[in-house]
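Note sheet for the following structure.
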Amino acid sequence: MTARSVTWLDGAVPAVRLLDQTRLPAEEVYLDAATVDALVDAIRTLAVRGAPALGAVGALGVAVALAQGEREGWDDERTLREIDRLRTARPTAVNLAWGVDRVLPHRSAGHAAVLAEARAVLTEDEAANRKLSANGADWLLAHTTRRPLRLLTHCNTGFLATTAWGTALGIVRELHVRGQVEMVHVDETRPLLQGSRLTAWELDRDGIDHVVQADSAAAGTILRGLVDAVLIGADRIAANGDTANKVGSVGLALACADAGVPFIVAAPWSTVDLATPDGGGIEIEERAAEEVLALAGVPSAPVGSRAFNPAFDVTPARLIDAVVTERGVVEPKSTPDMLAS
Ligand code: MRU
């Protein structure tokens, strides 16, 4: 059976089944979250992560909250409070709140209607990923000359980060199917190693040739001409194209701009936030100091050192060659503010 990051488990006590991403690549284990507490914990610990996967969890999570509320006799106020806790469990990826907001209006039509809408979110995400991957592959092949391509990616944007297939990694996958990938440079993605733990695991499963590199190797890799394009995903794309993504993304964009290497952002339309005019309005999640000050539980800095641990950064639209969604490709450098129109 194809592995899925997020699925619905029907039953007397329904749950969201998550492929626990904190345990990869060592173990492929699933956790079943049947309560809002369990879902919030899974989101905060990154057992489930990646913007589109969070959108799916937000949508299915409303169904979990309603079922829990019924079991435990919550009143309307408590139910909405619990759903809001889920909605705000992580602040940067717009998809989490988007998933909740998409299904919540169906509450008046009953639980079945909420669940049907949540299932539609999952189906549509897969279709969007497949379409944007084809769009991105077409664009890249039209804007590069070397064959096959040498690519660089950051964080994890594959099936683990979505409901299926992937976004930036979906484009890599699509190019691989077309026989156009020579090699993928995978940034390890400190501090939580989504690149080395998750992206390398996905590429390995697909038989796509790759190397894992320290994040600090990326700028040199780009300036030395070792890659033909850089592809990243997005947690929130503002109306002007400014893009929040995993910390380290903006440095890649700066190196690409200097080297003349295409820098591509890939995301489903659910990640575009037209209500936020530019990147200045995007909240950047700051995470626990231990993530930076220790390696696998062993201190890596003197006791007493403090940490700065932003989980994301914002790449200005002027540094992005292409924003790829299922609706098509926008080129922010040549057509600023195109997303909003
Ligand atoms: O902190 P994470 O692992 O949730 O961060 C994920 C990213 O930054 C991804 O690049 C983004 O969500 C896009 S996933 C298709």
Side-chain angles (χ1 to χ4, degrees), residues 5-6 18-22 24 40 42-58 89-99 122 125-126 128-133 136 152-174 186-199 201-202 215 218 230-237 243-253 263-273 279 282-288 291-292 309-315 320 323-326:
S5 57
V6 181
L18 302 168
L19 176 48
D20 186 346
Q21 300 187 35
T22 63
L24 289 170
V40 168
I43 292 168
R44 294 215 171 117
T45 58
L46 309 198
V48 61
R49 45 146 301 280
L54 291 175
V57 169
R90 289 189 81 192
T92 304
V94 69
N95 305 61
L96 178 57
W98 171 89
L122 273 73
D125 183 63
E126 175 167 5
N129 293 338
R130 300 246 177 204
K131 180 79 176 102
L132 74 85
S133 295
L152 187 150
T153 192
H154 192 69
C155 198
N156 170 264
T157 59
F159 84 84
L160 292 169
T162 62
T163 62
W165 190 253
T167 59
L169 206 62
I171 297 176
V172 174
R173 225 167 230 146
E174 172 69 23
V186 177
D187 279 356
E188 65 176 350
T189 318
R190 279 278 291 152
L192 296 178
L193 306 180
Q194 289 93 330
S196 56
R197 290 191 305 105
L198 308 176
T199 299
W201 181 77
E202 289 201 44
D215 299 336
V230 172
L231 301 116
I232 64 159
D235 287 85
R236 191 182 294 243
I237 303 175
T243 294
N245 190 55
K246 179 52 57 191
V247 68
S249 297
V250 67
L252 303 175
F263 182 83
I264 296 138
V265 171
W269 191 258
S270 54
T271 304
V272 176
D273 177 13
I282 301 177
E283 184 182 346
I284 301 295
E285 175 185 4
E286 285 199 24
R287 295 185 57 86
E291 291 180 355
V292 170
N309 187 16
F312 304 97
D313 59 29
V314 175
T315 300
I320 301 170
V323 175
V324 179
T325 74
E326 69 275 26

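No experiment lies behind these values; they were computed from the predicted model shown. In each ligand, atom 1 is the first atom listed, and ligand 1 is the first ligand listed.
Within the structure, the closest approach of R90 to ligand 1 falls below 4.0 Å when heavy atoms are considered. In this structure, A93 does not count as a contact residue of ligand 1, since none of its heavy atoms falls inside 4.0 Å of the ligand.
Annotation: N245 places an N or O atom under 3.5 Å from an N or O atom of ligand 1; distance criterion only. In terms of polar-atom proximity, A51 is counted as a contact of ligand 1, with an N or O under 3.5 Å from an N or O of the ligand. Between T157 and ligand 1, not a single N/O pair is under 3.5 Å apart. Considering both main-chain and side-chain atoms, N156 never comes within under 3.5 Å of ligand 1 through any nitrogen or oxygen pair.
Side-chain atoms of R49 and L198, non-hydrogen and from C-beta on, do get closer than 4.5 Å to each other. Residues I264 and V324 form a side-chain contact, since some pair of their non-hydrogen atoms from C-beta on lies under 4.5 Å apart. Annotation: side chain of P268 is in contact with side chain of T167 (closest heavy-atom distance under 4.5 Å).
With salt bridges taken as basic N to acidic carboxylate O contacts below 4.0 Å, none links R190 and D215. Salt bridge R173/E202: present, at least one basic N to carboxylate O contact under 4.0 Å.
Proximity of H154 to ligand 1, defined as any heavy-atom pair under 4.0 Å, is not found for any part of the residue. With a 4.0 Å heavy-atom cut-off, ligand 1 is reached by the backbone of K246 and by its side chain too.
Given atom 7 (C) of ligand 1, the protein heavy atom at minimum distance is D235 OD1, 3.2 Å. Nearest protein heavy-atom neighbour of atom 3 (O) of ligand 1: R49 NE, 2.5 Å.
Nearest to atom 14 (S) of ligand 1 by heavy-atom distance, out of A161, G195, G55, is A161. The heavy atom nearest to atom 13 (C) of ligand 1, out of those in A267, A234, G50, is found in A234.
Using modelled atom types and a 3.5 Å distance limit, the side chains of N156 and T199 yield a donor-acceptor pair. Using modelled atom types and a 3.5 Å distance limit, the side chains of D20 and T22 yield a donor-acceptor pair.
From T243, atom OG1 reaches atom CD1 of I237 across 4.5 Å, with rounding to the nearest 0.5 Å.
In summary, the atoms of ligand 1 found under 4.0 Å from a heavy atom of T167, numbered by their order in the structure, are 15 (C). Applying the 4.0 Å criterion to heavy atoms of Q194 picks out, from ligand 1, the atoms 1 (O), 2 (P), 3 (O).
Residue A51 comes nearest to A93 through the heavy atom pair CB-CB, 3.9 Å, listed as atom of the first residue, atom of the second, then distance.
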